[in-house]
Amino acid sequence: MERKLVSPVVIDDIQPIAGADLIEVATVKGWKLVVKKNEFKVGDHAVYCEIDSFLPVREEFEFLRKSSYRKMGEQEGFRLKTMKLRGQISQGLLLPVSLLQGYTYQIGEDVSARLGIIKYEPPMPAALGGIAKGLFPSFMLKTDEERIQNLSGQYEAFRQHTFYVTEKLDGSSVTFYLNEGVFGVCSRNLDLEETADNSFWKVARAERIEEKLASLGKNIAIQGELIGEGVQGNAYGLRGQTVRFFNAFDIDRYEYLALDEFKAFIASLALQTVPILDLQYTLPASLDELLTMADGVSVLSPQGKAVEREGLVIRSTDRKISFKVISNKFLLNER
Ligand code: ATP
Ligand code: MN
Ligand code: MN
């Protein structure tokens, strides 16, 4: 599902910030953000822009220039990042609904296009791009995870479930499939042509993935995170590149393998899963506590260096619930 970056919301709460006279902290779903004092009241409607929103250069947004001006390729704009003000985490931006100029909006609908707001995407190295053979095939599902802050309404219900927790790796999504005898390699959104300089294909060949999948004699896909040199700054300090798997998909049944089956399957192919941190996890009483838990040192930290992990991916044992909890410490360090 495409991310809803900008939508009308109801402000759930407003609280003072200790020692601050001019600002206060608003709660919107599971998000907290700093606002000017008295600009909004609890129950007000406003337009909420999530982190990673890239706002166009327009008079109304000039107040963002100092904190957020950024170029994305040739395009100028204002990029919303996680910030800390007076010790308070602030994620996103609330704008008055008057900006929608009388448009009859619905709470929660995506209004990014109306405001010319797009998603900020960091530049991608050529080796992770590649030549498209086609779009991502429809016989399987794309990788994605919703942010827990957008599921806060379900948090209490989630507390009844048992989850498994994996470390979220900061790399690039890759899918390998074998379908009707055809082996393919996909990046996040594309089915890729095999070329000598494409990182996803290189890893496929180095790890002999086509041979491994072909030996099974069925239609199957495995999905993981490509990490290493040239990928997202290679915080893990790896030499070369490798892939850690988080999904196996049965194409004929059109469904993911359950956890036990998945683990056994990846092991049987002599491949590695993402780090599994807990197999019997229940959620803490509050979302705030869960966000604190997401901060931590990556299992993949190189010798003698503590790398801040990106966060966690948490899934119910039956896999029906799945979400990501990105570490705020990680986000605060993000460029
Ligand atoms: P957003 O939509 O929030 O802007 P995004 O969807 O582009 O971001 P991510 O924030 O990286 O990407 O979150 C989803 C991705 O996380 C998945 O597509 C997958 O590639 C990656 N990922 C890394 N580690 C894991 C893991 N342990 N379990 C599941 N997915 C993982
Ligand atoms: Mn996403
Ligand atoms: Mn990612």
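Whatever order the structure lists ligands and atoms in, that order sets their numbers, starting from 1.
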Taking atom 23 (C) of ligand 1 as the reference point, the nearest protein heavy atom with its distance: Leu169 O, 3.2 Å
Aromatic ring pairing His161/Phe158, orientation class (parallel under 30°, perpendicular over 60°, tilted between): perpendicular
Rounded distance (nearest 0.5 Å) linking atom CE of Met83 with atom OG of Ser67: 5.0 Å
Which segment of Arg315 sits under 4.0 Å of ligand 1 when only heavy atoms are counted: side chain
Trp201/Phe176 under ring-ring contact (aromatic ring centres under 6.0 Å, His included): CA gap, chis, key distance, verdict: CA-CA 9 Å; Trp201 269 100; Phe176 306 106; 8.3 Å; no
Distance filter under 4.0 Å to Ser173 heavy atoms, resulting ligand 1 atoms: 20 (O)
Nitrogen or oxygen of Glu167 less than 3.5 angstrom from that of ligand 1: yes
Heavy-atom nearest neighbour in the protein, as seen from atom 26 (C) of ligand 1, with distance rounded to 0.1 Å: Val313 CG2, 3.6 Å
Considering only N, O or S atoms of Asp144, the one closest to the Mn ion (ligand 2): OD1
Distance filter under 4.0 Å to Val274 heavy atoms, resulting ligand 1 atoms: 27 (N)
Which of the ligand 1 atoms, numbered from 1, are nearer than 4.0 Å to a heavy atom of Arg147: 1 (P), 3 (O), 4 (O)
Check: Phe262 ring centroid to Phe245 ring centroid under 6.0 Å: no
Ring centroid separation Phe249 to Tyr254 under 6.0 Å: yes
Arg188 and ligand 1 - part of the residue with a heavy-atom distance under 4.0 Å: side chain
Region of Arg244 that comes within reach of ligand 1 [heavy atoms, distance under 4.0 Å]: neither
Pair Ser322, Arg315: side-chain N/O donor-acceptor within cut-off below 3.5 Å: yes
Short side-chain to backbone donor-acceptor contact, Asn219 and Glu180, under 3.5 Å: yes
Residue and atom name of the nearest protein heavy atom (relative to atom 29 (C) of ligand 1), distance in Å to one decimal: Phe246 CG, 3.5 Å
Proximity to ligand 1 by part of Lys142, non-hydrogen separation under 4.0 Å: neither
Interfacing atoms of ligand 1 (cut-off 4.0 Å, heavy-atom, Thr143): 17 (C), 18 (O), 20 (O)
Atoms of ligand 1, numbered as shown, that sit under 4.0 Å from any heavy atom of Lys119: 1 (P), 2 (O), 4 (O), 7 (O), 8 (O)
Under-4.0 Å salt bridge between Arg205 and Glu210: yes
Row check, Tyr256 ring normal vs Arg319 NZ/CZ: under 6.0 Å, within 45°: yes
Gap between atom OG1 of Thr175 and atom CG of Asn247 - 0.5 Å precision: 8.0 Å
Over 12 non-hydrogen atoms of neighbours within 6.0 angstrom of CG in Leu22: no
Enumerated ligand 1 atoms positioned under 4.0 Å from heavy atoms of Thr166: 26 (C), 27 (N), 28 (N)
Residue portion contacting ligand 1 (non-hydrogen atoms closer than 4.0 Å) for Asp144: both
Closest protein heavy atom to atom 21 (C) of ligand 1, given as residue, atom name and distance to 0.1 Å: Glu225 OE1, 3.2 Å
Side chain Gln88, main chain Glu24, donor-acceptor under 3.5 Å: no
Minimum-distance protein heavy atom relative to atom 2 (O) of ligand 1: Arg3 CD, 3.5 Å
Distance from atom 11 (O) of ligand 1 to nearest protein heavy atom, with residue and atom: Lys168 NZ, 2.7 Å
Nearest neighbour in protein (non-hydrogen) for atom 10 (O) of ligand 1: Lys324 NZ, 2.5 Å
